[in-house]
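Here's the structure we're looking at; comments come further down.
To find a chain, count down the sequence lines: A is the first, B the second, and so on, and within it residues start at 1. Just so you know, these numbers come straight off a predicted model, no measurement behind them.
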Amino acid sequence: MSTESADPAAIDDERAPFRYTSALGNEIEQRWQDWWEEHGTFHTPNPVGDLADPTHPNADGEKLFVLDMFPYPSGEGLHVGHPLGYTGTDVYCRYQRMAGRNVLYTMGYDAFGLPAEQYAVETGQHPAITTEAAVATYRRQLRRLGMSYDPRRSIETIDPAYYRWTQWIFGRIHDSWYDPEATRHDGGSGSARPIAELIAEFESGERETFDGRSWSSLNKAERADIVDGYRLAYVADAPVNWCPGLGTVVANEEVTADGRSDRGNFPVFKRNMRQWMMRITAYADRLLEDLDRLDWTDSLKTMQRNWIGRSPGARIDFESPAGDITVFTTRPDTLFGATFLVLAPEHPLVPDLTTSQMAAQVVQYRRDVAGFAEAERTAGDRQKTGVFTGSYATNPATGKDIPIWVADYVLMGYGTGAIMAVPCGDERDFEFATVYGLDIPAIQEPPDEWFERQGIDPTLDTRRWRTAFVGDAPYVNSANHDISLDGLTSVDDGIRIVNEWLENNGFGEATVNYKLRDWLFSRQRYWGEPFPIVWDRDGIAHLLPDEMLPLTLPDTDSFAPRTFDPDDEESNPESPLDRLTDWVNVTLDLGDGRGPQPYRRETNVMPQWAGSCWYELRYLDPTNTERFVDPEVERYWMGPLTDVRPDHPGGVDLYVGGVEHAVLHLLYSRFWHKVLYDLGHVSSAEPYSRLFNQGDVQAPAFKDEREIWVPARDVVEEADGSYTYTAPDGSVKPVTKQWGRMGKSKKNGIAPETFYEEYDADTLRLHLMASGPLDAARPWETRDVVGMFRFLQRVWRNVLDETTGECRVVDVEPDAETQRVMHRTIDGVRADMEALRFNTAIAKLIEFNNHITKLDATPREAAEALVLLLSPIAPHVGEELWRKLGHDGTIAYARLPEADPALLVDDTVEYPVQVNGKVRTRITVAADADRDAVEAAALADQRLVQLLDGVTPTKVIVVPGKMINVVV
RNA sequence: GGGCGAGUGGCGGAAUGGCAGACGCGCUGGCUUCAGGUGCCAGUGAGGGCAACCUCGUGGGGGUUCAAGUCCCCCCUCGCCCA
């Protein structure tokens, strides 16, 4: 830089030294952020305990608990997409504080888990160090955005003082069982109960073991096995998702549709392994039913319903040479049409059923399909494949022998892994039967319209059908010596009759199948909560007593997991904690009367989701060392609001986050909360009564020729509109542009810091809130931001003199028009803020400010209303102008202005006058004119008389306050 | 394939069935300035007209209504979720 051009800022300084500039904005912001911290401005009082404060200005206000989905801090720091939801909640909280409510609002950090561990492995640093650094960055960045969090309530899931209670809750889940017969304390049926009550029932003989053996005849291990079969957290050999590339097993929810891990995109293999599970399936019905009590979007509820996947149907046993084959079907009424069985290739009975003639083919088939993902296997457009086992089963309804096939369109993970195939009533079975020439008897007589749509004449000869028929239609060929469905027309009736017959004859029973599986809860990783579990020499698991918590994660340099060739299905997981033999092998007195005993610690750790299952509860009472949350504090913040709705479940008043957590976090968290509720630890039946999904911020992202994302900040647009990327080695290559959600994976994040050079945090907040409704995705365009900066400058100029810095408001009554604009603004902005419509609230504030700009001087009343209403969105400017207007302290608890209803209506109303629906003229009449007077005034209008040209209107419609339509 | 949601200026978006395009960006012109930038003022859906005004216009097609971006039916495109 040379002297040839003057510093542009210097010119402004001369002429307007007190103009609102980026430099001034940044100075004000950091000053107020320090002030808030020093004064504990956003400390929120609890009703009792350490955090109680009856002197707080809003201590007696109505409570409001607002929650953000807390972030998983990555080494990259925040990008400008993150604060979209966070700013929305902050604006809402600041607004509600000014409306007098006692607002609980804070932020925590979800810091255990795979990405942190992977980052640590890559950089060779301990995850505790990299994670703490990332958390510190997030804290600094969020503070810089002016978030009004109560800093005392922040938590980190990796803090032993926090995960002590994660382990404690695990213990409560481990030490309970689900009794579907129990009457819950709220009167509902089905409840978690302490496992001790179950053991007592076995001991007293009140409850029998499954196989009828007497409790007293069993040894310890046998008893433990039986009890474990009831626990809500249990160890089981179960088909799990083994991911050699990650070196760990992962949950169903973490596997993508094409059978890969959502982290790292490695192949995932189904394998039976001994793992910790959570019996979330016990809660399937309650998780489903209670969705009706939640104020969530329908799309989110639908996603949860689909994931739970409740299908009523029946279990039916088919006799076979290898014993009974149990199938699950949603259409037991079609049993008469079942002409073959199909087993999943992994079904355990397949080897026993395969005859020696078919053995080679079956073995080959099972090998062939092993590599296919579930999604590929069930894809609708794929040619069905399968192989005959050589064996036959008996259809209990028809008594006929039907062939048993193996085919990969049947999945081991759904139902029983075996189906009865009804080719005339199921499209997949129809297709399969057609390919292999199997019998397709008709059991329903489809209506004529169905045949018409198929383009064929009505017939029961299914060889001429093009597809299966599904729906209500009269049954045919559906009778045996006991029952007959023939002639019935309702599927519901058919199902009921067959189910009764199955039960009466011992062939099966009505049952409900769920897509939801139990939650795989252990991971063979280092960076997670250790299980508070030790194993004794008999292989029995023992829960550590509460006073041994927290069980801290042992420090080690060898935290890297053992990973494998991603395709090495035969590899076996190894936990990093296994290597720490000094930690693993311990002698402990568990206080169970057995004295010190040698144990082996559980070496799996909990999955990333554990810490987020209950964090909102810890925010309530973060300093409590006696309990995870004080019951009175929990009831105050999260108790059911039965005055709002009799079936209100309680929980967080507003939860804001991305839709990507629709089935993972939100399902797990609800499950934990319900267990705590059943056991009487919380008063709320649901954790989040209202949930709002904020949209994404989209940004340009760039891919090179290999379809790999390249950092967007190193891409430039060429003169011809194409894009090129300059790699760190200096090479330049062409790339293609796409829009995508801002984030690490697409390498298109824009850091908020880049923003403070030209603008400031209040401008960013305004821009994020103004650029669209909170739930809409929006593209990021940095050049659009200047509009909100200009707006702040104009507000500033309306309150302060740019040359002197002095307040320039005048103490005179605003004129009548200004009063009306002001009160309409107050009314409109308040309504918009209540409804989270910040974009339209900002538009109204801009209009009001533009009105003030046109006045010769700014009336104090108008300036104060403007600053108060603006301050939730632009809090730093709000505070600064509030001071300049002569007020002490903070604006955070100043009361919002009230709209005077009398000033919301005008004296006169301008009516558009339509002729046949098209606006042709306008008239102005008194606001209190009645319908007839308005009509008369319209018909007397010169222009209308001219337009009508003597024609008498057939009808005149007057919509009071809105418009007039003259029909001719 | 199924479910849900969305299609409005050059762009982001606004509109209890009642004046389509609020507000912002961009663009055009003007003022300030030696100049650039900032700032300020005005204009800005398309087409026609000297003008007052007129015609068209919310993905496409139909319908309900005095009146449809909004409600109903069919179709197209995009997004998300589940297969």
Does [X] reach a base, just sugar-phosphate, or nothing at all? Heavy atoms under 4.0 Å.
X: A:V959; value: base
X: A:A776; value: nothing
X: A:E781; value: nothing
X: A:R922; value: base
X: A:R920; value: sugar-phosphate
X: A:I957; value: base
X: A:R794; value: sugar-phosphate

Worksheet item: Who pairs with A:Q698 by side-chain contact (heavy atoms from CB on, under 4.5 Å), at least two apart in sequence or on another chain?
Response: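 Expected list: A:D696, A:W739, A:R741, A:A777.
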
Worksheet item: What pairs with A:S669 under side-chain contact (heavy atoms from CB on, under 4.5 Å), at least two apart in sequence or on another chain?
Response: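 Testing A:S669 for side-chain contact (heavy atoms from CB on, under 4.5 Å), a comparison that skips the adjacent residues, returns A:E616, A:H665, A:P687, A:Y688.
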
Contact under 4.0 Å: [X] side-chain N or O vs [N] OP1/OP2:
X: A:K515; N: B:A83; value: yes
X: A:R790; N: B:G26; value: yes
X: A:N916; N: B:C66; value: no
X: A:R797; N: B:C40; value: yes

Give the rounded distance in Å between these two atoms: [atom1] of [X] and [atom2] of [N].
X: A:M963; N: B:U65; atom1: CE; atom2: P; result: 18 Å
X: A:Q914; N: B:C54; atom1: CD; atom2: P; result: 13 Å
X: A:F791; N: B:C23; atom1: CZ; atom2: P; result: 13 Å
X: A:E802; N: B:U38; atom1: CD; atom2: C1'; result: 11 Å
X: A:N693; N: B:C4; atom1: CG; atom2: P; result: 17 Å
X: A:Q793; N: B:C41; atom1: CD; atom2: P; result: 12 Å
X: A:D298; N: B:A6; atom1: CG; atom2: P; result: 11 Å
X: A:L84; N: B:G12; atom1: CG; atom2: C1'; result: 13 Å

Provide the distance between the two [atom1] atoms, one in [N] and one in [M], to the nearest whole Å.
N: B:C34; M: B:G24; atom1: P; result: 30 Å
N: B:U58; M: B:G43; atom1: C1'; result: 24 Å
N: B:A67; M: B:C82; atom1: C1'; result: 41 Å
N: B:G63; M: B:C54; atom1: C1'; result: 29 Å
N: B:C73; M: B:C80; atom1: C1'; result: 25 Å
N: B:C19; M: B:U28; atom1: P; result: 33 Å
N: B:C56; M: B:U38; atom1: P; result: 41 Å
N: B:C4; M: B:C72; atom1: P; result: 13 Å

Any chance the side chains of [X] and [Y] put a donor and an acceptor closer than 3.5 Å?
X: A:E834; Y: A:Y92; answer: no
X: A:R778; Y: A:S771; answer: yes
X: A:T281; Y: A:D518; answer: yes

Worksheet item: Of A:T853 and A:T840, whose nearest nucleotide on RNA chain B comes first from the 5' end?
Response: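 Whichever sits nearer the 5' end wins; that is A:T840.
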
Practice prompt. Would you mind telling me which residue lines up with the more 5' stretch of RNA chain B, A:D784 or A:N965, judged by nearest nucleotide?
Written response: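 Counting from the 5' end, the first nearest nucleotide belongs to A:D784.
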
Practice prompt. Please determine if A:R305 and A:D292 form a salt bridge, counting it only when a charged side-chain N lies under 4.0 Å from a carboxylate O.
Written response: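 Counted as a salt bridge, because a side-chain N and a carboxylate O are separated by less than 4.0 Å.
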
Worksheet item: Dot-bracket for RNA chain B: what is it, with Watson-Crick or G-U pairs under 3.5 Å, [ ] where a pair crosses earlier ones, and | for a pair to another strand?
Response: (((((((..(((.....[....)))((((((.......))))))((((....))))..(((((..]....)))))))))))).

Worksheet item: When syn is taken as a glycosidic angle within 90 degrees of 0, is B:G9 syn or anti?
Response: syn

Fill in: Residues which pass salt bridge (charged side-chain N to carboxylate O under 4.0 Å, His left out) with A:E847, listed by chain and number, not counting sequence neighbours
none

Discussion item. My understanding is that only residues two or more places apart in sequence, or in another chain, count here; which of them pass salt bridge (charged side-chain N to carboxylate O under 4.0 Å, His left out) with A:E817?
Written reply: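 Residues passing salt bridge (charged side-chain N to carboxylate O under 4.0 Å, His left out) with A:E817: A:R820.
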
Worksheet entry | ring-ring contact (aromatic ring centres under 6.0 Å, His included) partners for A:W796, two or more places apart |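 Testing A:W796 for ring-ring contact (aromatic ring centres under 6.0 Å, His included), a comparison that skips the adjacent residues, returns A:Y20.
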
Picking from [options], which would you name as closest to the side chain of [X]?
X: A:K962; options: B:C19, B:U16, B:G26; value: B:U16
X: A:N839; options: B:G13, B:C23, B:C66; value: B:G13
X: A:S299; options: B:C4, B:C81, B:A14; value: B:C4
X: A:R783; options: B:G18, B:A14, B:C25; value: B:C25

Worksheet entry | Donor-acceptor pair under 3.5 Å, A:N306 side chain vs B:C82 base | no

Worksheet item: So among A:T825, A:N849, A:D832, which one has a side-chain hydrogen bond (donor to acceptor under 3.5 Å, both in side chains) with A:K844?
Response: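 For A:K844, the side-chain hydrogen bond (donor to acceptor under 3.5 Å, both in side chains) test succeeds with only one of A:T825, A:N849, A:D832, which is A:D832.
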
